[in-house]
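As structure tokens, the structure follows; a few thoughts come after it.
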Amino acid sequence: MLGGKKICIFSGTSNRKLAEEVASHTGVPLGKSEVKRFSDGEISVCIEESVRGADVFILQSLSYPANDNLMELLIYIDAVKRASARSINAVIPYYGYARQDRKMRARDPITAKLVADLLTRAGAHRVVTMDLHAGQIQGFFDIPVDHLVGLPILARYFKSKNLKNGVVVSPDLGGVTRARDFAERLGMSIAIIEKKRPEPNVSEVMNIIGDVKGKEAIMIDDLVDTAGTLTQGAESLLKNGAKEVYACCTHPVLSGPAKERIAAAPIKELVVTNTIPLNNNLKMDKIKVLSVAPLIGDAIVRIHKELSVSELFE
């Protein structure tokens, strides 16, 4: 109970540890539920407490295995809808399928819109997410979307490092706005890596726009997947005179050859958040994980109390 109204926080199976941290921060214990699978792989969700008249928050990242985690979230939403919840809030720290947000070629799907439709039709009244791959995805929903920003968390960490001559680097032209915001928070200049992407998960660095010579470069992106861009970018920055290279992102997707590439990449540190849990085989000294639990927890409390969420970033 917060503010006289009932609140329930449930966790899917994709990021239980983050959900536990959020529950601890808010002072609201995780709701009792169980996820089961039939022998053919079908998912069943059992809500083991009353949610009638409650504001329900379901935390689930759409990370690997993305299809299973998405289906599990949809079933959770359906379960609490049929149990007469007052409001259903899908808390999705990492919104999967977001990279297909427009048609690049004829007959391409737009999966970011498809997932938005699925969540809405399942019964969600609101979505809370972090650092969408493209901000316009908020407009794909016909329900409210609270778009949380991980930039301040990353900026506080790098401020504490007291880098003497830093430059923030956008890994592509599309990330310039993010890099500029990050640079302003750190009081640094920006540079841009111009690249082309001939096919998904493949990138080629063309040249670097801006001065990086003798500077401590911080590459920033919304996510790191196979780490190809990160590796090539770091090598190009050092070739162009950067003193050392750091990298940071909100979502550590880290699939395929990511571990080997990060281990071999000429970066001092990769700073990520826990929107996606790192598997044990991905943990290494070079990767620093920051928690977004306080931010998500504060957002949940504000939504429940009908207070402004944007004030969290002012």
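- Counting heavy atoms from C-beta on, the side chains of V80 and F57 never come closer than 4.5 Å.
- Listed by first then second residue, pairs satisfying salt bridge (Lys or Arg N to Asp or Glu O under 4.0 Å) with a partner in residues 150-162 read K161-E269, not counting sequence neighbours.
- One finds the CG atom of L230 at 9.0 Å from the CG atom of D221 (value rounded to the nearest 0.5 Å).
- Taking the side chain to side chain donor-acceptor pair (under 3.5 Å) definition, one finds that N240 meets it with nothing, sequence neighbours left out.
- Side-chain atoms of S50 and K6, non-hydrogen and from C-beta on, do get closer than 4.5 Å to each other.
- For the residue pair T129 and P93, the shortest heavy atom distance occurs at OG1-O, 4.2 Å.
- Between C248 and F182, the closest side-chain pair of non-hydrogen atoms falls below 4.5 Å.
- A distance of 11.0 Å separates OH of Y246 from CD1 of I267, quoted to the nearest 0.5 Å.
- Considering only heavy atoms from C-beta on, D211 stays 4.5 Å or farther from S189 through its side chain.
- Within a 6.0 Å sphere centred on NZ of K113, other residues, nucleotides and ligands contribute more than 12 heavy atoms.
- For residues 124-152, the pairs satisfying salt bridge (Lys or Arg N to Asp or Glu O under 4.0 Å) are R126-D146, with sequence neighbours left out.
- No single ILVMFWY cluster, assembled from side-chain heavy atoms under 4.5 Å apart, contains both L148 and V145.
- In summary, the side chains of D101 and Q136 do present a donor paired with an acceptor at a separation below 3.5 Å, with no hydrogens or angles considered.
- Looking only at distances, no side-chain donor or acceptor of Q100 sits under 3.5 Å from a matching main-chain atom of Y97.
- At a threshold of 4.5 Å between non-hydrogen side-chain atoms, the residues L307 and V301 do not count as touching.
- A pairwise comparison of heavy atoms in I220 and A179 identifies CG2-CA, 4.0 Å as the closest pair.
- Looking only at side-chain heavy atoms (C-beta outward), V309 and H147 stay at 4.5 Å or farther from each other.
- Using modelled atom types, one side-chain atom of E216 and one backbone atom of N165 make a donor-acceptor pair closer than 3.5 Å.
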- In sequence, state the C-alpha distance, the side-chain angles, and the governing distance for L254 and K259, and then conclude on side-chain contact (heavy atoms from CB on, under 4.5 Å). CA-CA 7 Å; L254 305 184; K259 180 181 179 180; over 6 Å; no

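- The shortest heavy-atom contact between V51 and A83 is CG2-CB, 3.5 Å.
- Of the possible polar contacts, none joining the S61 side chain to the S14 backbone as a donor-acceptor pair under 3.5 Å is found.
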- Task: Begin from the C-alpha positions of V169 and M219 and carry the test side-chain contact (heavy atoms from CB on, under 4.5 Å) through to its verdict.
- Result: CA-CA 5 Å; V169 181; M219 297 173 62; 4.2 Å; yes

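- R99 pairs in a salt bridge (Lys or Arg N to Asp or Glu O under 4.0 Å) with only one of the listed residues (D108, D225, D222), which is D225.
- Not counting sequence neighbours, the partners of S308 by the side-chain contact (heavy atoms from CB on, under 4.5 Å) test are S310, E311.
- Take K286 and apply the salt bridge (Lys or Arg N to Asp or Glu O under 4.0 Å) test, not counting sequence neighbours, and it matches no residue.
- Evaluation of the side chain to side chain donor-acceptor pair (under 3.5 Å) rule for E48 yields no partner, not counting sequence neighbours.
- A distance-only check finds no donor-acceptor pair linking the side chain of E235 to the backbone of P266 [under 3.5 Å].
- For the pair K17 and N274, the minimum side-chain heavy-atom distance is 4.5 Å or more.
- Sorted by first and then second residue, the salt bridge (Lys or Arg N to Asp or Glu O under 4.0 Å) pairs involving residues 274-285 (not counting sequence neighbours) form an empty list.
- In this structure the side chain of H25 reaches within 4.5 angstrom of the side chain of D298, judged on heavy atoms.
- Contacts of E49 classified as salt bridge (Lys or Arg N to Asp or Glu O under 4.0 Å), with partners at least two apart in sequence or in another chain: none.
- The distance from the CD1 atom of I9 to the CD1 atom of I300 is 4.5 Å, given to the nearest 0.5 Å.
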- Message: Please determine whether side-chain contact (heavy atoms from CB on, under 4.5 Å) holds for the pair L270 and K288, giving the CA-CA distance in whole Å, both sets of side-chain angles, and the decisive distance to 0.1 Å.
- Response: CA-CA 6 Å; L270 170 61; K288 170 72 174 178; over 6 Å; no

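- Across N69 and S63, no two heavy atoms sit closer than the pair ND2-O, 2.8 Å.
- Hydrophobic clustering (side-chain heavy atoms under 4.5 Å, transitive across Ile, Leu, Val, Met, Phe, Trp, Tyr) keeps V253 apart from M284.
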What side-chain donor-acceptor pairs closer than 3.5 Å can you find for residues 28-42, not counting sequence neighbours?
residue: S33; atom: OG; partner: Y76; partner atom: OH; Å: 2.6
residue: D40; atom: OD1; partner: E42; partner atom: N; Å: 3.1

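- Of the possible polar contacts, one joining the T120 side chain to the A116 backbone as a donor-acceptor pair under 3.5 Å is found.
- No continuous path of ILVMFWY side-chain contacts below 4.5 Å connects Y64 to L18, so the two sit in separate hydrophobic clusters.
- A donor-acceptor pair is defined here as one N or O able to donate and one able to accept, closer than 3.5 Å; such a pair exists between the side chain of H251 and the backbone of M130.
- Counting only distance, with no hydrogens or angles, the side chain of H304 and the backbone of K5 share a donor-acceptor pair below 3.5 Å.
- Without hydrogens or angle criteria, N15 side chain to T275 main chain gives a donor-acceptor distance under 3.5 Å.
- Not a single salt bridge (Lys or Arg N to Asp or Glu O under 4.0 Å) links R121 to another residue, sequence neighbours left out.
- D78 pairs by the salt bridge (Lys or Arg N to Asp or Glu O under 4.0 Å) definition with K81, R82, not counting sequence neighbours.
- The closest donor-acceptor contact from the side chain of D172 to the backbone of G174 lies under 3.5 Å.
- V128 and V56 fall into different hydrophobic clusters, where Ile, Leu, Val, Met, Phe, Trp and Tyr residues are linked whenever their side-chain heavy atoms come under 4.5 Å apart, directly or through other members.
- Considering all non-hydrogen atoms of both residues, A191 and V167 come closest at N-CG2, 3.9 Å.
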- Item | Check against side-chain contact (heavy atoms from CB on, under 4.5 Å), V224 and V272 | CA-CA 9 Å; V224 172; V272 303; 6.0 Å; no

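- Within the structure, side chain to side chain donor-acceptor pair (under 3.5 Å) pairs that include any residue of residues 86-96 comprise D55-R86, D55-S87, S87-N89 (at least two apart or interchain).
- One hydrophobic cluster, built from ILVMFWY side chains closer than 4.5 Å, cannot hold both I88 and I7; they sit in different ones.
- Here OG1 of T26 is found 11.5 Å from CD1 of I296. Values are rounded to the nearest 0.5 Å.
- Put simply, OG on S170 and CD on E194 are 11.5 Å apart, with the number rounded to the nearest 0.5 Å.
- Proximity of a side-chain donor or acceptor of T231 to a complementary backbone N or O of G228 within less than 3.5 Å is not detected.
- For the atom pair CD1 of I218 and CG of L154, the computed distance is 10.0 Å after rounding to the nearest 0.5 Å.
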